[in-house]
Amino acid sequence: MSKIAIIQLDINEGTQWGDELTTKFIREECINSVKRYCYKHDYDHHLISQSFYSDKIGNLDFFKSNKKHYAFERYLYLDKFDYSVYIDNDIYIFDQSEPLPEIRGLMCCTEPNGKSSNLFKESNLLPHNYPYYNSGMIMIDKQNAKKLCKYMILRAKNYKRAQGKNTDNMMLNEYLL
């Protein structure tokens, strides 16, 4: 298998959640845990700290806040590598964590039922047990990344917002649907 690239974003103030202490914890603990994990398993780590949303997509008015636009920028990078893994910057990886599985296609983690997942299912007339995926952890091969990134960027450029709640999470689930 070709080298795996793990991508994280830490643009401007950083996260859309919490306060200064949260941002400090994310930068000093969470991001560094991912760097250590990459070093241990010989993965490339890419920490994106500059926003290119305006240059590549358009105005920062598609989502509710600038910080939500920054999170969407993962779709500017996932298709640049043979195998990409996007990990939100507020995820901590323990030292005992195993290597990643073989990456084939698009692989995501399901999210427990909650407001967003229920809204997605209601908006799309889906059964209660339909899975809802979190965009905070995406593993993808280059072929599928090209399709996903193209889809997401075109939606943002054309202001095709998600049904129910306009978030990149909801858009990922619409793509999967």
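Because the structure is a prediction, the values reported are computed rather than measured.
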For Tyr86, the side-chain hydrogen bond (donor to acceptor under 3.5 Å, both in side chains) test, sequence neighbours excluded, returns Asp88
Side chain proximity check, [X] to [Y], heavy atoms < 4.5 angstrom:
X	Y	value
Ile48	Tyr77	yes
Tyr53	Ile11	no
Phe81	Ile7	yes
Asp168	Met152	no
Phe72	Met171	yes
Asp10	Gln8	no
Ser116	Thr167	no
Lys147	Asp79	no

| query | Can you tell me if Ser135 and Asn169 form a side-chain donor-acceptor pair at under 3.5 Å? | reply | yes
Mind listing the closest non-hydrogen atom pair of [X] and [Y] along with its distance?
X	Y	answer
His69	Asp61	NE2-N, 3.2 Å
His41	Ser97	NE2-O, 3.3 Å
Gly136	Arg74	N-NH1, 4.0 Å
Pro112	Ser117	O-OG, 3.7 Å
Arg27	Asn12	NH2-O, 2.9 Å

Would you compute the distance between atom [atom1] of [X] and atom [atom2] of [Y] and round it to the nearest 0.5 angstrom?
X	Y	atom1	atom2	answer
His45	Asn32	NE2	CG	8.5 Å
Leu176	Cys108	CG	SG	5.5 Å
Met139	Ile87	CE	CD1	9.0 Å
Cys149	Leu78	SG	CG	4.5 Å
Leu21	Ile26	CG	CD1	11.0 Å
Leu106	Leu172	CG	CG	6.5 Å

Is [Y] reachable from [X] through a run of hydrophobic residues whose side-chain heavy atoms are each under 4.5 Å from the next?
X	Y	result
Leu154	Leu148	no
Met107	Ile93	yes
Met170	Ile153	no

- Output, in order, the C-alpha distance, side-chain angles, deciding distance and verdict of side-chain contact (heavy atoms from CB on, under 4.5 Å) for Ile6 and Lys35. CA-CA 9 Å; Ile6 295 185; Lys35 287 179 182 178; over 6 Å; no
- Task: Decide side-chain contact (heavy atoms from CB on, under 4.5 Å) for Lys3 and Asp42; before the verdict, give the C-alpha distance in whole Å, the side-chain angles of both, and the deciding distance to 0.1 Å.
- Result: CA-CA 8 Å; Lys3 191 101 172 187; Asp42 196 29; 2.8 Å; yes
For the backbone of [Y] and the side chain of [X], can you confirm whether one donor and one acceptor N or O come within less than 3.5 Å of each other?
X	Y	answer
Ser33	Tyr92	no
Asn166	Phe62	yes
Glu174	Gln163	yes
Asp141	Gly105	yes
Tyr151	Lys146	no

May I have the list of side-chain donor-acceptor pairs in residues 123-133 shorter than 3.5 Å, sequence neighbours left out?
| residue | atom | partner | partner atom | Å |
| --- | --- | --- | --- | --- |
| Ser123 | OG | Leu119 | O | 2.9 |
| Asn124 | ND2 | Phe120 | O | 2.9 |
| His128 | NE2 | Asn113 | ND2 | 3.2 |

Between Leu100 and Tyr37, does a side-chain contact (heavy atoms from CB on, under 4.5 Å) hold up when you go through it step by step? CA-CA 10 Å; Leu100 294 167; Tyr37 177 78; 3.6 Å; yes
Above 12 or not: heavy atoms from other molecules or residues under 6.0 Å from NZ of Lys160?
no
query = Got a sec: does the NZ of Lys142 have more than 12 other heavy atoms crowding it under 6.0 Å?
reply = yes
query = What do the steps show when you test Leu47 against Asn89 for side-chain contact (heavy atoms from CB on, under 4.5 Å), and what is the final call?
reply = CA-CA 9 Å; Leu47 182 64; Asn89 65 6; 5.7 Å; no
